[in-house]
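The structure appears right after this line, and notes come after that.
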Amino acid sequence: QPQLVESGGGLVQPGGSLRLSCAASGFTLNDYSIGWFRQAPGKGREGVLCISSSGGTTVLADFVEGRFTIPRDNAKNTVYLQINSLKPDDTAVYYCAARRNRLCSRSPSGYDSWGQGTQVTVSS
């Protein structure tokens, strides 16, 4: 029964940075992959990044390159989403999700448990 809690969102100016947190409980990261997704107003949920249980990264969208990374702290059972050079188009609710598989899925339907989401708003 995995549970995930996101935090770290907020209001930031264009060009700024944020580090979102995804704290996992009820399981360890050894047997699960963890994905980050986002949903902008009026849009569908889209994938951002995923990290496999072994630490490998899967890029889920072109906008990720050069600005998004997915650090992990195994001791804290926490996965992060580091976002640099934020743009207004990054405004969305960001979700983390756990998949009971060591490898990532590119589809939201491949994940078993979801956090509540954290709002990121990029505006001047």
Side-chain angles (χ1 to χ4, degrees):
Q1 190 171 255
Q3 296 196 22
L4 305 170
V5 178
E6 301 100 331
S7 62
L11 176 64
V12 64
Q13 293 182 325
S17 298
L18 283 174
R19 176 168 287 205
L20 310 182
S21 297
C22 175
S25 61
F27 71 105
T28 68
L29 301 176
N30 182 249
D31 294 318
Y32 286 76
S33 54
I34 303 294
W36 282 97
F37 297 79
R38 71 184 191 182
Q39 188 163 14
K43 304 295 183 181
R45 191 165 299 185
E46 61 180 346
V48 181
L49 279 172
C50 180
I51 186 168
S52 72
S53 64
S54 64
T57 299
T58 298
V59 176
L60 303 180
D62 291 341
F63 64 77
V64 166
E65 297 293 345
R67 298 195 300 119
F68 292 72
T69 58
I70 186 167
R72 183 177 70 185
D73 188 335
N74 288 335
K76 295 183 179 295
N77 220 42
T78 298
V79 174
Y80 305 90
L81 183 67
Q82 178 70 39
I83 316 174
N84 299 324
S85 301
L86 280 156
K87 304 175 180 179
D89 285 349
D90 295 322
T91 296
V93 178
Y94 285 73
Y95 301 88
C96 64
R99 168 175 161 83
R100 195 170 183 175
N101 193 293
R102 294 182 176 181
L103 300 178
C104 292
S105 172
R106 294 185 177 274
S107 173
S109 64
Y111 295 81
D112 305 298
S113 301
W114 292 79
Q116 84 289 347
T118 185
Q119 176 72 49
V120 172
T121 302
V122 184
S123 177
S124 60

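Atom set for the values below is all heavy atoms of this structure, side chains included, hydrogens, waters and symmetry mates excluded.
- Smallest separation of non-hydrogen atoms from A61 and G47: CB-O, 3.5 Å.
- Taken together through direct or relayed side-chain contacts under 4.5 Å among Ile, Leu, Val, Met, Phe, Trp and Tyr, I83 and V122 form part of one hydrophobic cluster.
- Taking 4.5 Å as the limit, every side-chain heavy atom of R72 sits out of range of all side-chain heavy atoms of I34.
- A pairwise comparison of heavy atoms in P2 and Y32 identifies CG-OH, 3.6 Å as the closest pair.
- Annotation: disulfide bond (SG atoms under 2.5 Å apart) contacts involving residues 29-71, sequence neighbours excluded, comprise C50-C104.
- Note on V48 and L60: separate hydrophobic clusters, where clusters join Ile, Leu, Val, Met, Phe, Trp and Tyr whose side-chain heavy atoms are under 4.5 Å apart, directly or indirectly.
- Judged by a 6.0 Å distance limit and a 45° cone about the ring axis, R100 is not positioned over the six-membered ring of F27.
- In this structure, L11 stands alone, with no Ile, Leu, Val, Met, Phe, Trp or Tyr side-chain heavy atom under 4.5 Å from its own, directly or through other members.
- Within the 4.5 Å cutoff, the side chain of L81 has no heavy atoms near those of the E6 side chain.
- A donor-acceptor contact closer than 3.5 angstrom links the side chains of S54 and S52.
- T57 and I70 get closest at one heavy-atom pair: OG1-CG2, 3.8 Å.
- L18 and I51 fall within a single hydrophobic cluster, where Ile, Leu, Val, Met, Phe, Trp and Tyr are joined by side-chain heavy atoms under 4.5 Å apart, directly or via other members.
- Linking ILVMFWY residues whenever their side-chain heavy atoms come closer than 4.5 Å, directly or via other members, leaves V93 and L20 in distinct clusters.
- Side-chain contact of S105 with S107: a donor-acceptor pair under 3.5 Å is absent, judged by distance alone.
- No donor-acceptor contact under 3.5 angstrom links the side chains of S53 and N30, judged on distance only.
- Contact detail for L4 and C96: the closest heavy-atom pair is CD1-O, 3.7 Å.
- T78 and A23 make their closest contact through OG1-CA, 4.0 Å (heavy atoms, listed as atom of the first residue, atom of the second, distance).
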Checklist entry - Stepwise, does the ring-ring contact (aromatic ring centres under 6.0 Å, His included) test hold for F37 with W114? => result CA-CA 10 Å; F37 297 79; W114 292 79; 5.1 Å; yes
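- Taking the charged nitrogens against the carboxylate oxygens, R99 and D112 have no contact shorter than 4.0 Å, which rules out a salt bridge.
- T91 and P41 get closest at one heavy-atom pair: O-CD, 4.2 Å.
- Applying the ring pair (Phe, Tyr, Trp, His ring centres under 6.0 Å) rule to pairs touching residues 91-110 yields nothing, sequence neighbours excluded.
- For the atom pair CD of E46 and CD of Q39, the computed distance is 9.5 Å after rounding to the nearest 0.5 Å.
- Cluster annotation: L86 and L49 are assigned to the same hydrophobic cluster (Ile/Leu/Val/Met/Phe/Trp/Tyr, side-chain heavy-atom contacts under 4.5 Å, transitive).
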Item to check | Working for side chain to side chain contact (heavy atoms under 4.5 Å, CB included), residues S7 and T118 | outcome: CA-CA 6 Å; S7 62; T118 185; 5.6 Å; no
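- One distance of note links CG of N84 with OG1 of T69; it measures 6.5 Å at 0.5 Å rounding.
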